[in-house]
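Below is one structure, written out as structure tokens; the observations come after it.
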Amino acid sequence: MRVSGWGTRAVCAVAGAVLLAGCREAPEGDGGRRAAAVASPVRPTGYGAVFLDVGECSSFGRTSFTEVSCRSERAAARVVARHDGATRDGPPCPPATDFVLHISERWPAADEDGDGMVPRGHACMRNLQPPHPGDPGGGGGPRTVVGDCVYALGGGKVRETACDGSGPGRPEFKVTKAVDARSKCPASTALYVRLGGASPVGCAVPV
């Protein structure tokens, strides 16, 4: 992806970070929004055949977590999408995703097909209670969407931040439109952001 405005830069929004000069995923654990997580060795039973299936809930924690009943006081977030394999191999998480849990663990007596292995995968999670960093302007989530804001890090890099100024940096650009080609962005566009999906170009203006 390329960024235009004040020179030509490249931008890639992955896990809340927009990287320039080549689209590469942010390091695991960046900003607390994407964390490689190892599930608790004790799996609660009775919540479904698939660990953290769509509609099920996880406990608090990004680096250590369990599946719990969504009615439990320990429930912190609900699965809005679940995919096998690494995030780069599957479809993107829905726009409402607040964070991603990466799953890889063995349960000798409680797996899906009796081979002692819960498949590697990832769950797109939505917090049960605010805040919701994945919402437009929320300053986080694994995707950049229309309504999100970014600020310059220096060295040709920018990062997503909350549009209300409560994030780590003051918002400098806001994505106001998603289109399928840069030529369809309005004349006021100062930055092009790759969003993915059917309308992969984000048109951003100064704020």
| task | State which residue, out of Val179, Leu191, Val146, fulfils the side-chain contact (heavy atoms from CB on, under 4.5 Å) condition with Cys203. | result | Val179
| remark: Distance col, row Lys177:NZ vs Ser188:OG, nearest 0.5 angstrom, shows 9.5 Å
| message | Check the orientation of Phe51 and Phe65. Use parallel for under 30°, tilted for 30 to 60°, and perpendicular for over 60°. | response | parallel
| pair Val150-Thr161: side-chain heavy atoms closer than 4.5 Å | no
| Does a donor on one side chain sit under 3.5 Å from an acceptor on the other, for Asp98 and His132? | yes
| request: With the side chain counted from C-beta on, respond yes when Val193 and Phe173 share a heavy-atom pair under 4.5 Å apart, and no when they do not. | output: no
| How far does CG of Asp84 sit from CD1 of Ile103, to the nearest 0.5 angstrom? | 9.0 Å
| query | Atom SG of Cys149 and atom CG of Asp164: how far apart are they, to the nearest 0.5 Å? | reply | 9.0 Å
| task | List the atom of Thr189, the atom of Cys185, and the distance in Å for their closest heavy-atom pair. | result | OG1-CB, 3.3 Å
| field | Least distance between heavy atoms, Thr144 atom then Val175 atom | value | CG2-CG2, 4.2 Å
| task | Would you check if the side chain of Glu160 reaches a backbone N or O of Gly140 as a donor-acceptor pair within less than 3.5 Å? | result | yes
| field | Nearest atoms (heavy-atom pairs only) where Pro91 meets His122 | value | O-NE2, 4.4 Å
| said: Side chains of Glu67 and Ser58, heavy atoms from C-beta outward: is any pair under 4.5 Å? | reply: no
| query | Is the closest side-chain heavy-atom distance between Val80 and Cys93 below 4.5 Å? | reply | no
| Closest heavy-atom pair and its distance - Pro95, Arg143 | CD-NH1, 3.5 Å
| Does Asp135 pair with Arg126 as a salt bridge, N-O distance under 4.0 Å? | yes
| message | Treating Thr97 as the side-chain partner and Phe99 as the backbone partner, does any N or O pair qualify as donor plus acceptor under 3.5 Å? | response | no
| So which heavy atom on Lys174 is nearest to which on Gly147, and how close? | CE-O, 3.6 Å
| message | Do Ser59 and Thr66 make a side-chain contact, defined as non-hydrogen atoms from C-beta onward lying under 4.5 Å apart? | response | yes
| query | Does any N or O in the side chain of Arg82 come within less than 3.5 Å of the main-chain N or O of Leu52, such that one atom is a donor and the other an acceptor? | reply | yes
| Got Cys57 and Ser69 here, is their nearest side-chain heavy-atom distance under 4.5 Å? | no
| query | Are Tyr151 and Pro171 close enough that some pair of their side-chain heavy atoms sits under 4.5 Å apart? | reply | no
| request: State, yes or no, whether a side-chain contact exists between Pro133 and Asn127 at a heavy-atom distance under 4.5 Å. | output: yes
| Are Arg182 and Tyr192 in a cation-pi setup, meaning NZ or CZ lies under 6.0 angstrom from the ring centre and within 45 degrees of the ring axis? | yes
